[in-house]
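All remarks here apply to the structure that follows.
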Amino acid sequence: MPMIQVTLPDGEVNEYSTGITAGEVVIDIFGRKHGCVAAFIDDEQRDFSTIISNNCSIDGISAESEEGIHVMRHSAAHLLAQAVVMLYPEAKPTIGPAIERGFYYDFANLESFGETDLKAVQKKMHELARNNLTIERVECSEDELTELFATNPYKLEIIADKLEDGDGSTIYRQGEWYDLCLGPHVHSTAKLMHVRLTSVSSAFWRGDQNREQLTRIYGLVEASKEALKLKMAALEEAKKRDHRKLGKDLQLFHVDEDVGQGLILWTPRGAIIRTVLQNFISEHLTRQGYHQVYTPHIGKLDLYRISGHFPYYQDSQYPPLVEKDLMKKLSDDGCSCSDLSNLMVSGDIDGYMLKPMNCPHHIKIYSSQPRSYRDLPLRFAEFGTVYRWEQTGEISGMTRVRGFTQDDAHLFVTEDQIAAEVLGCIELVQIIFAALGMSDYRVRVGLRDPDSSKYVGESQRWDRAEEACRKAADSLGVNWSEEPGEAAFYGPKIDFIVKDVIGREWQLGTVQVDYNLPERFELNYKGSDGELHRPVMIHRAPFGSMERFCGVLIEHFAGKFPTWLSPTQAHIITISEKHADYANKIATKMRNAGIRVEVDDSDATIGKKIRNHRKMYPAYMIIVGDGEMENGTVSIRARNGNQSADVALDSFITDICEEIEKKVAVPSLVLEENC
RNA sequence: GCCACCAUGGCUUAGCGGUAUAGCACCUCAUUGGUAAUGAGGAGGUCGCGAGUUCAAUUCUCGCUGGUGGCUCCA
């Protein structure tokens, strides 16, 4: 029998007879308990059943590896579809990929399927897994495929789209069930015992709102029972730091249905966090030569006609406001809502709009007086509140809202100044992320799509601006990706993106170069040559909005803010009622030193009071009793439970002020360890 | 907006065709207690809103409002 040479992962070469499968080689290398789900053949992912007929290299794909988990998830999606079709024969499977957090499968004809139905499907999946069905790969011609999927228009659409005329493809078969798929897959359903279906939702066929709505089922799969249990526990744990839960527990913000969806009410404790952050940011703005400005919440429709926001973005704006005399006249004339809307779009009547962006107002500040090249760069900053009509279903906590305050600024610069100014914006992000210990974010540099002509401005200018963005992103020292086609039509941009506790990505800040608005508003400055030139604008909101940023921060700290940001920095707790005066006296002294203090002189026991105050995660609890009162001292209990007895009040105040001043990440004014 | 699910005092929650549990928080009294729950008592709810079915609805049906997961991951 002819032999073939197989290179093993350690570089050794083994000889096997042709006809051996990849799975058999993996067993030969790693033994029966190989823990692999598929194999790499010449670095390509293949099934265990693949027959080896040429010299090649082979390695196992461990169930724990990224690729292995992906294979498991994909196979679990197939198992899900098999189970669903057995229970709901009318259902039409469409697509079912592995995703970052598990897998899903989309079904047509599965309306009114709800979370209560998940249990039965999951049970069926377990049953199929126990049956230890072999998962086989079968090569099919285009005709065979068309016949196999004759009753499933979705699969037929995929076949028509993905296959060149006359090409075949593969299906995977397990028991009676088969699905169109490239693979690879695990070799048996027995590998998929540890699945858990998590949720049901809807999705559109091919992500297109105009096409059929499908029912999507999400699930998780792990290699062992323990791993699944750990996964579920980790998800539960993550939910505890959800900013919506913590926001309520810690009284940071409130959303009231009588006020409106997506409109954040900053309660006193949350307002402190916002104020402290804004002050922190403002200090750096001053240092970087920004000018703080204030502008109103509304502006005339005409302003937004010039900027291009109205009516182009009409769907994502609150409807305009119309002056009351005009409104009365229109109403007397029998003008309907749609007439009104048409008149506004055509420009026949004017009104005001809640501002969806701050730029037009800042532009008007720029053009309020003649500018010379000596004035540039001009940097106008404002914590400007804007309003956008987000879709009902999109609104969520503080991260997706309808009214929000951007840490906004607009820089008016000459062409030559773009690079330095973009870099300056990035530096600010770096300083503040570093102060907050936020390192888990990604950066996306949006560039123009070279094949498209939708972009305004000359291409040499774009090249320079894009290069400036790349350089600035480089300076951050974190991973960033270049994304052609992601630029705005008016200029390239840099976006900062973070994940929330349940893995959703949110864009925080953005820095955008803009050639368009200066054009639209005919901005200019007098150059050294005595001629008028057009400035370039840079829009930047490095943290996006105070709402979203604080939401993300709550989760980042899990509610346990560093002392400088903490809504209350020290809770003073009395041992008994006779210490109330002393407690209030030191509270006054601490407040005078600028420390945020709360006093609990109620008559509950000390243990009880500590227990209750812990829930609010103050950086420090200050315990005062007879000893402290006599000596003019305090006992400190840090958030982590560490204690320090009989510390002189003045020295504590000095220390905590220093900790606040230095923005120390973890409250740490404790001498003895005593957990 | 669309699909599924959810909505009970400040929070967590039981319950059901006959107007409702419990714990924490709150208040009162006793206790004056030294670092994760002292004891006893009390108050607090038109069961999200509006209609319908019924002798009767928090419970069933419909609508609305609000919330949650998702609607970008492509055989």
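Every heavy atom of this structure was used, including side-chain atoms; hydrogens, water molecules and symmetry mates were not. Just so we're clear, the structure is a prediction, and the values are computed from it rather than from any experiment.
Comparing the C1' positions of B:A37 and B:G52 gives a spacing of 48 Å, expressed to the nearest Å. The P atoms of B:U58 and B:G23 are separated by 25 Å, rounded to the nearest whole Å. To the nearest whole angstrom, the two C1' atoms, one in B:A22 and one in B:G15, are 11 Å apart. Separation of the C1' atoms belonging to B:C6 and B:G44 is 25 Å when rounded to the nearest angstrom. A gap of 9 Å separates the C1' atoms of B:G45 and B:A20, to the nearest Å. Nucleotides B:G50 and B:G66, compared at atom C1', are 15 Å apart to the nearest Å. For the C1' atoms, the distance from B:U65 to B:C26 is 30 Å, rounded to whole Å. Taking the P atoms as reference points, B:C49 lies 10 Å from B:G9, given to the whole Å.
The nucleotide B:G34 finds no pairing partner, because no Watson-Crick or G-U wobble arrangement with both distances shorter than 3.5 Å includes it. Pair assignment for B:G42: B:C26, on the basis of Watson-Crick or G-U wobble contacts that are both within less than 3.5 Å. Under the Watson-Crick and G-U wobble criteria, each requiring two contacts below 3.5 Å, nucleotide B:A4 is paired to B:U68. If you check B:U13 for Watson-Crick or wobble pairing at under 3.5 angstrom, you find it has no partner at all. Base pairing of B:C60 is made with B:G52, judged by Watson-Crick or G-U wobble geometry with both donor-acceptor distances under 3.5 Å.
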At under 4.0 Å between heavy atoms, how does the protein contact nucleotides 32-38 of chain B? Give one character per nucleotide, 5' to 3', with B, S or -. BBBBBBB
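Residue-to-nucleotide proximity on RNA chain B shows that, of A:R216 and A:R206, the 5′-proximal contact is made by A:R216. Between A:E257 and A:S396, the one whose closest nucleotide on RNA chain B sits nearer the 5' end is A:E257.
Salt-bridge formation is detected for the pair A:E390/A:R400: a Lys NZ or Arg NE/NH1/NH2 atom is positioned less than 4.0 Å from an Asp or Glu carboxylate oxygen. For the pair A:R244 and A:D242, the salt-bridge criterion is met [side-chain N within less than 4.0 Å of a carboxylate O].
Between the NZ atom of A:K248 and the C1' atom of B:C11 there is a distance of 8 Å, given to the nearest Å. Atom pair A:H74:NE2 and B:C74:P shows a separation of 11 Å (rounding to whole Å applied). As rounded to whole Å, 19 Å separates atom P of B:G48 from atom CD of A:Q261. When rounded to the nearest whole Å, the span between CD of A:E100 and C1' of B:U72 equals 12 Å. The NZ atom of A:K615 sits 9 Å away from the C1' atom of B:C11 (whole-angstrom rounding). Going from atom CD of A:E390 over to atom P of B:G67 covers 13 Å, rounded to whole Å. When rounded to the nearest whole Å, the span between CZ of A:R211 and P of B:C2 equals 21 Å. Nucleotide B:U31 holds its C1' atom 13 Å from the NZ atom of A:K609, rounded to whole Å.
In this structure a side-chain-to-backbone donor-acceptor pair under 3.5 Å is present from A:K92 to A:T151. A:R637 places no side-chain N or O within donor-acceptor distance of the main-chain N or O of A:Y620, the cut-off being under 3.5 Å. In this structure, A:S188 contributes its side chain and A:K191 its backbone to no donor-acceptor pair below 3.5 Å.
The aromatic rings of A:W205 and A:Y154 stand perpendicular to each other, their planes meeting at an angle above 60°, with 30° marking the opposite boundary.
Among the heavy atoms of the strands lying under 4.0 Å from A:E115 are primed sugar atoms or P, OP1, OP2 only; no base atom is included. No engagement by A:R73 is indicated, since no non-hydrogen atom pair under 4.0 Å with the nucleic acid exists. Using a 4.0 Å heavy-atom distance criterion, A:I573 is classed as making no nucleic acid contact. Contacts of A:S169 with the nucleic acid, taken as non-hydrogen atoms under 4.0 Å apart, include base atoms.
Counting heavy atoms of neighbouring residues, nucleotides and ligands inside a 6.0 Å radius, atom CG of A:D249 exceeds 12 of them.
No hydrogens or angles considered: a donor-acceptor pair under 3.5 Å links the side chains of A:H613 and A:D600.
Applying the 3.5 Å distance criterion, the base of B:G70 shares a donor-acceptor pair with the side chain of A:S202.
Listed pair A:R101 / B:G70 meets the phosphate criterion, a side-chain N or O lying under 4.0 Å from OP1 or OP2.
Both the sub-6.0 Å distance and the 45° axial angle are not jointly satisfied by A:R444 relative to the ring of A:W480.
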